[in-house]
2 protein chains.
Amino acid sequence: MGPVSEPSVPLARLFAIGYRSLVDGLHEELPRRGWPDVRPAFGFVLLALRDSPASLRDLPGMLGTSKQAVSKLVEAMVAAGYVERDADPDDARAKRVQLSDRGRQLLAAVEEVYAELERNWAAALGEERLQALRADLVSVLSATSGGRLPAVRAVG
Amino acid sequence: MGPVSEPSVPLARLFAIGYRSLVDGLHEELPRRGWPDVRPAFGFVLLALRDSPASLRDLPGMLGTSKQAVSKLVEAMVAAGYVERDADPDDARAKRVQLSDRGRQLLAAVEEVYAELERNWAAALGEERLQALRADLVSVLSATSGGRLPAVRAVG
DNA sequence: ACAGAACGTCAAGCAGGTTGACGGATGCGC
DNA sequence: GCGCATCCGTCAACCTGCTTGACGTTCTGT
C-alpha cells in the first residue's frame with residue numbers, strides 16, 4: 001500500500017450521505033401518505049417515546065440535546081398533535097410526555113417507510129450483508145461509547 | 001445476540017450516531033492541534049476542493065446545497081484563510097475557489113484525525129470488518145443513487 | 001444586436017441548536 | 001418544621017446552516 005496512493009472515503013462522509021439518503025427518502029414519502037407537516041427532528045422524539053412515556057427531563061439525555069431545545073421541539077410536536085404533555089401527578093415541577101394516537105400512527109408510518117427503503121438497500125447489497133452492516137454498526141458504536149448505543153448527539 | 005423479535009435499530013439512527021461520533025471527535029481534537037476556528041461545515045468544502053480548484057457554481061452540486069449557502073460558507077472560509085477566491089479569467093461572472101496553503105495543512109490535519117478515529121473503530125470491530133463496512137456502504141450508496149456517490153449535506 | 005440564460009450576491013426568514021437567567025416546586029440537613 | 005441548595009421547565013437572546021426570491025452583471029445563441 002502506498003502511503004497516500006488512494007485515500008479511502010471518510011466514514012463520516014459515508015454516514016452523512018446515508019443519513020441524508022434515508023431521511024430525505026422518508027420525508028419525500030410521508031406527505032404522499034397523508035403526513036404533510038412532519039419535521040425531520042420529530043423522528044427522534046417518536047423513537048424515544050416509542051416504548052413508554054417519559055418525563056421531559058429524560059429526553060435531553062436520550063436525544064443528546066439541551067433541555068431548552070427539547071422543550072421547543074416538544075412544544076412544536078404538541079401543537080402538531082403528535083405528542084401529549086401533561087402534569088406529573090407526583091412532582092408539580094415535572095411534565096410527562098407521551099405519544100398521542102396520531103403520533104403512534106405516524107410512528108407506524110415512519111417505520112413502514114424505513115422498512116421499504118431498507119428493502120431497497122437489501123436488494124442492492126444483499127440481505128445478509130445489510131444485516132451484517134447493521135450489526136457491525138451497532139457493535140462498533142456501542143463499543144466506542146461505553147457498551148451502550150449513545151445518544152444521537154453527544155450531550156454537551 | 002440481540003433479541004430477534006425486537007425491531008432492528010433504524011439505519012438512519014445508526015448513521016446519525018456514527019456521523020456525530022466522528023465529527024465530534026474531529027472537532028474536539030482540532031483545537032488541541034492548533035486549529036481553533038474550524039466550523040463543522042468547512043470539512044465538506046475541504047474535501048470537495050481536495051483534488052482540484054473549482055468554480056463556485058460547481059460546489060452546490062458537490063455539496064448538495066444551494067448556491068447561496070455555498071456563497072456564504074465560502075465567504076467564511078475565505079475570511080478564516082482556508083480558501084482563496086479569485087476571478088475566473090475566462091468568465092467575468094464566475095469565481096474560482098481553491099484551497100490556500102493553510103487550507104491544505106488543515107485538510108491534512110483533518111485526514112490524520114479521521115485516520116486515528118477510524119483506527120479506534122478498527123480496534124473495536126476488526127480491520128477486516130471495518131473495511132467491509134466501508135466497502136458495503138460505498139456500494140449500496142452508489143447503487144441506490146445511480147452508480148456514483150451522491151452529494152452530501154452537513155447533518156445538523 | 002438583443003433576448004434569455006447563467007453566475008454570484010443581497011435580503012428575509014425558518015429550523016434547530018446554544019447559553020444564561022429565572023420562578024415555582026422539591027427535599028434534605030438541621 | 002424551616003431554610004436553602006437543587007431540580008424542572010420555560011423565556012430570551014443569539015448563532016449556524018439552510019431555504020426561497022430578487023437582483024445586477026456577464027455571457028451566449030440566434
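Within every chain, numbering begins at 1; the chains are lettered A, B, ... in the order of the sequence lines, protein sequences first and strands thereafter. The figures that follow rest on heavy atoms only: side chains count, while hydrogens, waters and symmetry mates do not.
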### Query
In whole Å, what is the span from the NE2 atom of His27(A) to the C1' atom of dC18(D)?
16 Å
### Query
Ignoring hydrogens and angles, are the base of dG8(C) and the side chain of Lys95(B) linked by a donor-acceptor pair under 3.5 Å?
no
### Query
Taking the side chain from Thr144(B) and the backbone from Val140(B), do they hold a donor-acceptor pair closer than 3.5 Å?
yes
### Task
Using a cut-off of strictly less than 4.0 Å, decide whether Arg85(B) has a side-chain nitrogen or oxygen near OP1 or OP2 of dC7(C).
no
Sub-3.5 Å pairs of nitrogen or oxygen atoms, protein against nucleotides 13-16 of chain C:
unit_1	atom_1	unit_2	atom_2	d
dG16(C)	OP1	Ala41(A)	N	3.4
dG16(C)	OP2	Arg39(A)	NE	2.4
dG16(C)	OP2	Arg39(A)	NH2	2.8

### Query
Could you give the CG-to-P distance, from Asp88(B) to dC7(C), as a whole number of Å?
11 Å
### Task
Measure the distance from CG on Asp91(B) to C1' on dT25(D) and round it to the nearest whole Å.
11 Å
Extract from the structure each pairing of a protein N or O with an N or O of nucleotides 5-7 of chain D at less than 3.5 Å, listing the distance.
unit_1	atom_1	unit_2	atom_2	d
dC7(D)	O2	Arg93(A)	NH1	2.8

### Message
Just N and O in the side chain of Ser71(A): are any of them under 4.0 Å from OP1 or OP2 of dG9(D)?
### Response
no
### Message
In whole Å, I'd like the distance from the CZ atom of Arg96(B) to the P atom of dC7(C).
### Response
16 Å
#### Entry: Quiz item: Gln68(B) side-chain donor-acceptor pair to dG21(D) base, under 3.5 Å
yes
#### Entry: Side-chain H-bond candidate by donor/acceptor type, Asp37(A) with Tyr82(A), under 3.5 Å
yes
### Task
Answer yes or no: is there an ion pair linking Glu75(B) with Lys72(B), defined by an N-O contact shorter than 4.0 Å?
no
### Query
Any chance the side chains of Ser100(B) and Arg102(B) put a donor and an acceptor closer than 3.5 Å?
no
### Query
How long is the span from the CD atom in Glu28(B) to the CG atom in Leu117(B), to the nearest 0.5 Å?
9.5 Å
### Query
What heavy-atom pair brings Asp90(A) and Asp88(A) nearest, and what distance separates the two atoms?
N-OD1, 2.7 Å
### Message
Taking the minimum atom-to-atom distance to the side chain of Ala92(B), which one of dT9(C), dT26(C), dC27(D) wins?
### Response
dC27(D)
### Task
Please report, rounded to the nearest Å, how far the C1' atom of dA6(C) is from the CG atom of Leu56(B).
13 Å
### Protein-nucleotide distance (Asp24(B), atom CG; dT18(C), atom P), rounded to Å
11 Å
### Nucleotide dC27(D), atom P - distance to CG of Asp90(B) in whole Å
10 Å
### Query
How many Å lie between NZ on Lys67(A) and P on dT18(C), as a whole number?
13 Å
#### Entry: Phosphate-side-chain proximity, Ser66(B) and dG21(D), N/O vs OP1/OP2 below 4.0 Å
no
### Task
Determine, for Glu118(A) against Arg134(A), whether the closest basic-nitrogen to carboxylate-oxygen distance falls under 4.0 angstrom.
yes
### Task
May I have the step-by-step check of side chain to side chain contact (heavy atoms under 4.5 Å, CB included) for Gln98(A) and Leu49(A), ending in yes or no?
CA-CA 6 Å; Gln98(A) 60 184 323; Leu49(A) 298 179; 5.7 Å; no
### Message
Can you tell whether the side chains of Asp136(A) and Arg129(B) come within less than 4.0 Å, N to carboxylate O?
### Response
yes
